[in-house]
Amino acid sequence: MSNADLISMNDIMFTAVNHRDWDNVLRYIGDDTDIHVGTLGNLRGTTGADAVIAFFDRHFDYRFLKWENVVEGDQSGALATVRLTYLETIYGLPAATGQVADVPVVVFGTWKDGRMTRLRVIISFHDFMSVV
């Protein structure tokens, strides 16, 4: 895969998330993909991706406002901004009252044969807490 291919796949995934087009997102996730998203722990494959989707769909409305891709070899990274609207209280956090914040996010991927083998999403905890 070329750098342009990886950038295109990243763009497709961010756009698909914004449209809740989960089939288009999940086509890049393999059964063995290691997934790490914030405090959700280590997850694997499409089952893990489904758990991430369910968590965010339950607690937030969200939309990526912008992202910038960087690619080197089989590695991709994106610095993004996501608008979070806190809709349902997460246990241990303050009550959800529709708070809104634009939160920086970094997404790292390792790719092989058109699928991610590793996905890591780092959400700015400081900015995340500003939404709650």
Side-chain angles (χ1 to χ4, degrees):
M1 290 181 297
S2 70
N3 286 0
D5 292 335
L6 291 181
I7 288 171
S8 177
M9 287 187 279
N10 271 357
D11 286 341
I12 289 168
M13 288 183 72
F14 279 108
T15 302
V17 167
N18 281 347
H19 292 281
R20 307 304 189 261
D21 178 2
W22 302 126
D23 290 337
N24 224 352
V25 172
L26 294 175
R27 74 181 178 147
Y28 297 111
I29 304 294
D31 291 336
D32 293 331
T33 303
D34 288 323
I35 301 171
H36 308 271
V37 179
T39 60
L40 296 179
N42 297 334
L43 304 167
R44 184 168 296 282
T46 54
T47 302
D50 286 339
V52 172
I53 293 165
F55 176 83
F56 279 90
D57 280 352
R58 178 177 177 187
H59 296 287
F60 299 97
D61 185 32
Y62 50 94
R63 180 172 181 77
F64 286 100
L65 303 176
K66 62 182 178 178
W67 60 89
E68 292 182 43
N69 295 303
V70 177
V71 173
E72 185 172 323
D74 65 349
Q75 307 283 320
S76 66
L79 176 59
T81 302
V82 63
R83 175 161 293 150
L84 293 176
T85 304
Y86 188 37
L87 300 175
E88 184 176 311
T89 303
I90 298 171
Y91 178 79
L93 295 179
T97 60
Q99 305 96 312
V100 178
D102 295 345
V103 178
V105 177
V106 181
V107 180
F108 298 102
T110 303
W111 295 82
K112 181 177 180 182
D113 299 326
R115 290 196 166 196
M116 286 189 161
T117 59
R118 186 164 192 269
L119 171 64
R120 180 173 175 108
V121 179
I122 300 172
I123 302 168
S124 168
F125 185 72
H126 173 76
D127 292 291
F128 174 78
M129 289 305 293
S130 75
V131 77
V132 300

K.L.:
In sequence, state the C-alpha distance, the side-chain angles, and the governing distance for V17 and V82, and then conclude on side chain to side chain contact (heavy atoms under 4.5 Å, CB included).
P.N.:
CA-CA 11 Å; V17 167; V82 63; over 6 Å; no
K.L.:
Remaining members of I122's ILVMFWY cluster at a side-chain heavy-atom cut-off under 4.5 Å?
P.N.:
L79, V106, F108
K.L.:
Please check: side-chain N/O of Q99 versus main-chain N/O of T97, any donor-acceptor pairing under 3.5 Å?
P.N.:
yes
K.L.:
Can you name the side chain to side chain donor-acceptor pair (under 3.5 Å) partners of T15, sequence neighbours left out?
P.N.:
none
K.L.:
Please answer: with hydrophobic residues joined when any side-chain heavy atoms are less than 4.5 Å apart, are V103 and L65 in the same cluster?
P.N.:
no
K.L.:
Would V100 end up clustered with M129 when hydrophobic side chains under 4.5 Å apart are linked, directly or stepwise?
P.N.:
no
K.L.:
Quick check for you: to the nearest 0.5 Å, what is the distance between M1 atom CE and W111 atom CH2?
P.N.:
7.0 Å
K.L.:
Using the salt bridge (Lys or Arg N to Asp or Glu O under 4.0 Å) rule, collect all pairs that involve residues 35-51, keeping only residues at least two apart or in two chains.
P.N.:
D34-R44
K.L.:
Taking only residues two or more places apart in sequence, or in another chain, which ones meet F60 in a ring pair (Phe, Tyr, Trp, His ring centres under 6.0 Å)?
P.N.:
F56, Y86, F128
K.L.:
For residues 119-132, pull every pair meeting salt bridge (Lys or Arg N to Asp or Glu O under 4.0 Å), keeping only residues two or more places apart or in separate chains.
P.N.:
none
K.L.:
Taking all heavy atoms of A51 and all of L43, pick out the closest pair and write down the distance.
P.N.:
CB-CD1, 4.5 Å
K.L.:
For L87, what residues pass the side chain to side chain contact (heavy atoms under 4.5 Å, CB included) criterion, not counting sequence neighbours?
P.N.:
D61, T85
K.L.:
Is there a side-chain contact between R27 and I12 (heavy atoms, below 4.5 Å)?
P.N.:
yes
K.L.:
Is T117 reaching over with its side chain to a backbone N or O of T110, donor-acceptor style, under 3.5 angstrom?
P.N.:
yes
K.L.:
With D32, which residues qualify under salt bridge (charged side-chain N to carboxylate O under 4.0 Å, His left out), at least two apart?
P.N.:
none
K.L.:
Quick check: do V52 and L40 have side-chain heavy atoms less than 4.5 Å from each other?
P.N.:
yes
K.L.:
Determine whether I29 and I35 make a side-chain contact, defined as any pair of heavy atoms from C-beta on separated by less than 4.5 Å.
P.N.:
yes
K.L.:
Dump the intermediate steps for side chain to side chain contact (heavy atoms under 4.5 Å, CB included) on D57 and R20, then the final yes or no.
P.N.:
CA-CA 10 Å; D57 280 352; R20 307 304 189 261; 4.0 Å; yes
K.L.:
Provide the closest heavy-atom pair for W67 versus A80 in the form atom of the first, atom of the second, distance.
P.N.:
CB-CB, 3.8 Å
K.L.:
Check the surroundings of atom CD in E68: do more than 12 heavy atoms from other residues, nucleotides or ligands lie under 6.0 Å from it?
P.N.:
no
K.L.:
Quick one: list whatever passes side chain to side chain donor-acceptor pair (under 3.5 Å) with R83, sequence neighbours left out.
P.N.:
D102
K.L.:
Considering residues at least two apart in sequence or located in another chain, which fulfil the salt bridge (charged side-chain N to carboxylate O under 4.0 Å, His left out) criterion with E88?
P.N.:
R58
K.L.:
What is the distance from atom CG of L26 to atom CZ of R115, rounded to the nearest 0.5 Å?
P.N.:
9.5 Å
K.L.:
List the residues meeting ring pair (Phe, Tyr, Trp, His ring centres under 6.0 Å) with F55, not counting sequence neighbours, and say none if there are none.
P.N.:
H59
K.L.:
Within the structure provided, determine whether K112 and T33 are in side-chain contact (heavy-atom separation under 4.5 Å).
P.N.:
no
K.L.:
Which pair of non-hydrogen atoms, one from T89 and one from A96, has the smallest distance, and what is that distance?
P.N.:
OG1-N, 2.8 Å
K.L.:
Atom CG of L6 and atom OG of S76: how far apart are they, to the nearest 0.5 Å?
P.N.:
6.0 Å
K.L.:
Show every salt bridge (Lys or Arg N to Asp or Glu O under 4.0 Å) that has at least one partner inside residues 4-19, sequence neighbours left out.
P.N.:
none
K.L.:
Which residues pass the salt bridge (charged side-chain N to carboxylate O under 4.0 Å, His left out) test with D21, sequence neighbours left out?
P.N.:
none
